[in-house]
Protein chains: 2
Amino acid sequence: MSPVSSPSARPGAAADGLSRVERKELTRQSILAAALRLAETGGLSAVSLRQVAKDVGIVPTAFYRHFDSIEELGLALVDEAFVSLRAMLRDVRSADPAFKDIIDSSVRVLTEHVRAQRGHFLFIARERFAGPAAVRSAIRHEIELCERELATDLARLPGPDAWASEDLYVLANLIVGAVVSTAEELLAAEGRRSAEDAVAERARTQLRMMLVGALNWRSRP
Amino acid sequence: MSPVSSPSARPGAAADGLSRVERKELTRQSILAAALRLAETGGLSAVSLRQVAKDVGIVPTAFYRHFDSIEELGLALVDEAFVSLRAMLRDVRSADPAFKDIIDSSVRVLTEHVRAQRGHFLFIARERFAGPAAVRSAIRHEIELCERELATDLARLPGPDAWASEDLYVLANLIVGAVVSTAEELLAAEGRRSAEDAVAERARTQLRMMLVGALNWRSRP
DNA sequence: CTGGTCGGTGCACAAGCGTTCACTGAACGG
DNA sequence: CCGTTCAGTGAACGCTTGTGCACCGACCAG
């Protein structure tokens, strides 16, 4: 059988226009995609090497040409997932910084990214607690990076710019937590637009509530 | 081999002072405890009937005398876990309602319960996304109940008592989300007191920030 | 005392798992 | 052109898995 796409690619026959490294990368991507899909029922630890291989269209042992173990595959998936998450953060940051509707645009960017990268968000939400220890700590580390980034962003805002850096991080932690909860509720909406809209509206109100709290907050001496 | 406690209980020999139903319940509890522990590495879907049986000290097929499947066992664990969670909520509610330190006492109750019921909290945090569909929706349903309960509690507070019920639920959702995040961070602290204390202190500040936000919030007309 | 109930036993089976090993042949560098 | 590299092959291994079945014997109601 041929890898990557069962009916079209021909490994032993005439060469497509692809170099050897290109074909290897293609198979690698197929493995990642298959694992992401298979992990949706039962989590990463329930993904079997043989299932992935069958799904990709290669023999089980060929898996080892790309990853040493399922756990290493999981770490690669974490990387992949946080690439799209960072893309989202970039979008949020580059949005119109008109203070008034910064919340609206951020929530919209979040809902769109969750819809577009559903698989990655699901993976992170799941493996954050269910994954192998190495995967869990990789995810935790990445989330912590996001919090620190947000804290430095907040420091540039007119209200909290006079805060203790301690309080800045605490607020960032609170916001990231709320965003994670919102993302998880969006996932639970399973694509139903009305449910998604309700979650988004709720998130807007919550962020506004937090904003009101922040604007009336004074760091203790 | 004998169930419940390998060296002491004797099934075929002289009877301990236990009736048949008592012995069955004891075995059932042992199965639940074993499953909870085994689920810690790999999640519920990675728990095998045979492992549980070996751990409890019964033969694999005897498992079916208590549960039809691992999934049904999972639902029983959800029930068990939310029993302790409700006990926690009762403790929070019955605490001294002196408005000033209601936050301090709530956070202390939370940290104590997470420490005492670590296994249950871990189970909920994990299976909320990684578990079988039935388990996931059972957990989601229970959390939603907690949010509604909290909303009715909030309605009795001096500040938000004039709010729209819509906003009350939104605030309850925000608080529950923050509490869930805090519980998850307490779990991530893995029992190290200094880390736990830092999380608790952060949670106190966050709840105060939300309180400030709530006190300055006005429901839109 | 007796007969039914039922938790626990022991064996068997087919299916799936990760991993090993020697192999093939297209793509590539010199 | 020719030798090397290496992604993918295919058979084989020892193990664990869920589940079906006939069976046992302590408990308990009558």
Side-chain angles (χ1 to χ4, degrees), chain A residues 1-6 8-32 34-35 38-39 41-74 132, chain B residues 1-6 8-32 34-35 38-39 41-74 132:
Chain A
M1 201 193 290
S2 144
V4 174
S5 67
S6 311
S8 70
R10 299 152 331 236
D16 2 17
L18 299 153
S19 79
R20 187 147 60 167
V21 292
E22 285 170 328
R23 294 174 54 57
K24 175 163 187 179
E25 180 59 23
L26 226 67
T27 305
R28 192 190 134 98
Q29 291 301 327
S30 294
I31 291 177
L32 288 170
L38 289 173
T41 50
L44 183 66
S45 61
V47 171
S48 88
L49 183 154
R50 287 181 108 104
Q51 279 270 11
V52 172
K54 182 187 288 185
D55 224 69
V56 171
I58 57 176
V59 94
T61 47
F63 174 90
Y64 293 111
R65 302 288 182 200
H66 302 272
F67 301 97
D68 279 350
S69 64
I70 294 285
E71 175 163 333
E72 205 191 275
L73 193 168
Chain B
M1 200 190 290
S2 144
V4 174
S5 68
S6 311
S8 69
R10 299 152 331 233
D16 3 16
L18 299 152
S19 80
R20 187 147 61 167
V21 292
E22 284 171 328
R23 296 178 46 62
K24 175 164 187 178
E25 181 58 23
L26 226 67
T27 305
R28 192 189 134 99
Q29 291 301 327
S30 294
I31 291 177
L32 288 170
L38 289 172
T41 50
L44 182 67
S45 62
V47 171
S48 89
L49 183 155
R50 287 181 108 106
Q51 279 269 10
V52 172
K54 183 187 288 186
D55 225 67
V56 172
I58 56 176
V59 95
T61 46
F63 175 90
Y64 294 111
R65 302 289 182 198
H66 302 271
F67 301 98
D68 278 351
S69 64
I70 294 287
E71 175 165 332
E72 205 191 274
L73 193 169

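Note that the structure is a prediction, hence the values are computed from the model and not measured. Each chain gets a letter, A, B and so on, in the order its sequence line appears, and its residues count up from 1.
Remark: P of D:dG8 and CD1 of A:I31 are 7 Å apart, rounded to the nearest angstrom. Residue B:Y64 contributes atom OH, which lies 17 Å from atom P of D:dA22 at whole-angstrom precision. Atom-to-atom, CD of A:E22 to C1' of D:dA7 comes out at 15 Å; the value is rounded to the nearest Å. As a whole-Å value, the separation of A:I58 CD1 from C:dT24 C1' is 17 Å. In this structure, CG of A:L18 is placed 10 Å from P of C:dA27, rounded to the nearest angstrom. Rounded to an integer number of Å, the gap from CZ of A:F63 to P of C:dC17 is 13 Å. Following rounding to the nearest Å, A:K24 (NZ) and C:dA26 (C1') show an atom-to-atom distance of 15 Å. Distance CG (B:L49) to P (D:dG20): 11 Å, rounded to an integer number of Å.
Ranked by how close their nearest DNA chain D nucleotide is to the 5' end, B:D68 and B:V21 are led by B:D68.
Taking CG of A:L73 as the reference point, atom CZ of A:R28 lies at 8.0 Å (rounded to 0.5 Å). Here the CG atom belonging to A:L49 is positioned 11.0 Å from the CZ atom belonging to A:F67, to the nearest 0.5 angstrom. B:H66 NE2 to B:I31 CD1: the interatomic distance, rounded to the nearest 0.5 Å, is 4.5 Å. Atoms CZ and OG1, from B:R50 and B:T61 in turn, are 9.0 Å apart once rounded to the nearest 0.5 Å.
Side chain B:R20 to base C:dG7: no donor-acceptor pair is found below 3.5 Å. Put simply, the side chain of A:R50 and the base of C:dG18 share a donor and an acceptor less than 3.5 Å apart. Judged by distance alone with a 3.5 Å cut-off, a donor-acceptor contact links the side chain of A:R65 to the base of D:dG8.
OP1 or OP2 of D:dG8 lies within a sub-4.0 Å distance of a side-chain N or O belonging to A:T27. In this structure, A:T61 does not reach the D:dT9 phosphate: none of its side-chain N or O atoms is under 4.0 Å from OP1 or OP2.
Closest to the side chain of A:V59, from the set C:dG18, C:dT9, D:dG10, is D:dG10. Picking from D:dT19, D:dG18, D:dA7 the nucleotide with the shortest atom distance to the side chain of B:S48 gives D:dG18.
Put simply, the residue from A:I70, A:T27, A:V56 that forms a side chain to side chain contact (heavy atoms under 4.5 Å, CB included) with A:F63 is A:I70.
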